[in-house]
Amino acid sequence: MGHEVTTMPLNWKTGGLLLGLVFFAAVLLVKPIGVSTQFVIFDAMIGDVANPDLITQADEGYTSTNAYLAKSGGKYAKNAANPLNYSFVFVLAMMAGAAGSALLRGGIGREERRLPAIWKANFGDTPWKRYAVAFAGGFIVLYGARLAGGCTSGHMMSGMMQTSLSGYIFAAAAFLAAIPVSMMMYSKEG
């Protein structure tokens, strides 16, 4: 049983160079890129709708009854109260960019979205198992990155670009874990 092979419309070297330039411009013009905090901001936006007393504004700025949102002088509370800030818009733009890229490549077929060929070759027709594994893996990475005080993009990409020791340690740990796990999970080609 064959499957269609999609080609990358952009050489990986060119893509890497463009990504590096975008990161450099972001750091130079605004700040280092990081996105996991925006999950906290989004949660706080929902929490503020459910409990209007969660975030309050005073003369000295924003604060919250939640200690995490109130820390750093209420920075997170302010971002949740005013979500159209650089970081939150950046996350929305990343999602829009990914969707745009997929559409420019001709889209991703319904079956491939439901169950990629490599998953099916290794685990059979088990879409709910795939969703559970993807959620668990994402949760573990996000939890670990937040526990270390950042996120995967903040530690690895922005951190390494700024020659941060924590960035290099996180990248090494991520690859030391990801490569053997993916080799074990996906021993059969799709």
Side-chain angles (χ1 to χ4, degrees), residues 15 18-104 108 113 127-128 130-175 177-178:
L18 290 172
L19 183 63
L21 289 173
V22 167
F23 268 79
F24 182 75
V27 170
L28 185 67
L29 300 173
V30 186
K31 66 179 187 172
I33 291 174
V35 298
S36 67
T37 301
Q38 299 317 306
F39 288 100
V40 174
I41 301 303
F42 186 68
D43 290 346
M45 290 163 44
I46 294 170
D48 195 41
V49 169
N51 175 11
D53 295 331
L54 179 66
I55 298 171
T56 54
Q57 182 178 10
D59 291 337
E60 58 276 351
Y62 287 86
T63 191
S64 175
T65 54
N66 179 290
Y68 188 81
L69 296 175
K71 76 178 192 174
S72 300
K75 180 176 125 183
Y76 294 154
K78 179 182 177 184
N79 286 344
N82 303 296
L84 290 179
N85 58 67
Y86 169 79
S87 296
F88 197 73
V89 172
F90 178 80
V91 171
L92 296 176
M94 280 189 348
M95 290 187 285
S101 175
L103 290 174
L104 286 173
I108 299 170
R113 282 194 316 264
W128 290 106
R130 175 181 171 253
Y131 302 149
V133 167
F135 180 83
F139 180 85
I140 290 167
V141 169
L142 182 61
Y143 182 81
R146 292 304 297 165
L147 189 63
C151 66
T152 54
S153 55
H155 276 307
M156 189 182 300
M157 299 176 83
S158 292
M160 287 177 64
M161 186 178 72
Q162 298 173 82
T163 65
S164 166
L165 180 59
S166 67
Y168 288 107
I169 292 170
F170 181 82
F175 282 103

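Computed over heavy atoms, backbone and side chain alike; hydrogens, waters and symmetry mates excluded.
- For Ala171, the side chain to side chain contact (heavy atoms under 4.5 Å, CB included) test picks out Met156, Met160, with sequence neighbours left out.
- Residue pairs that meet the side chain to side chain donor-acceptor pair (under 3.5 Å) test with at least one member in residues 83-93, sequence neighbours left out, are Lys31-Ser87.
- The two residues Val27 and Pro32 make their nearest non-hydrogen contact at CG2-CA, 3.7 Å.
- Within the structure, side chain to side chain donor-acceptor pair (under 3.5 Å) contacts touching residues 159-168 (residues at least two apart or in different chains) are Ser164-Ser166.
- To the nearest 0.5 angstrom, Met157 atom CE is 4.0 Å from Leu19 atom CG.
- A distance-only check finds no donor-acceptor pair linking the side chain of Thr63 to the backbone of Gly74 [under 3.5 Å].
- Pairs passing the side chain to side chain donor-acceptor pair (under 3.5 Å) check and including a residue from residues 37-61, sequence neighbours excluded, read Thr37-Arg146, Gln57-Tyr62.
- Within the structure, ring-ring contact (aromatic ring centres under 6.0 Å, His included) pairs that include any residue of residues 19-41 do not occur (at least two apart or interchain).
- Heavy atoms only, all atoms of each residue included: Gly47 and Leu54 are closest at C-CD2, 3.6 Å.
- Looking at residues two or more places apart in sequence or on another chain, you find a side chain to side chain contact (heavy atoms under 4.5 Å, CB included) between Ile46 and Phe42.
- Other residues, nucleotides and ligands contribute only 12 or fewer heavy atoms inside 6.0 Å of the OH atom of Tyr143.
- Here the CD1 atom belonging to Ile55 is positioned 5.5 Å from the OG atom belonging to Ser64, to the nearest 0.5 angstrom.
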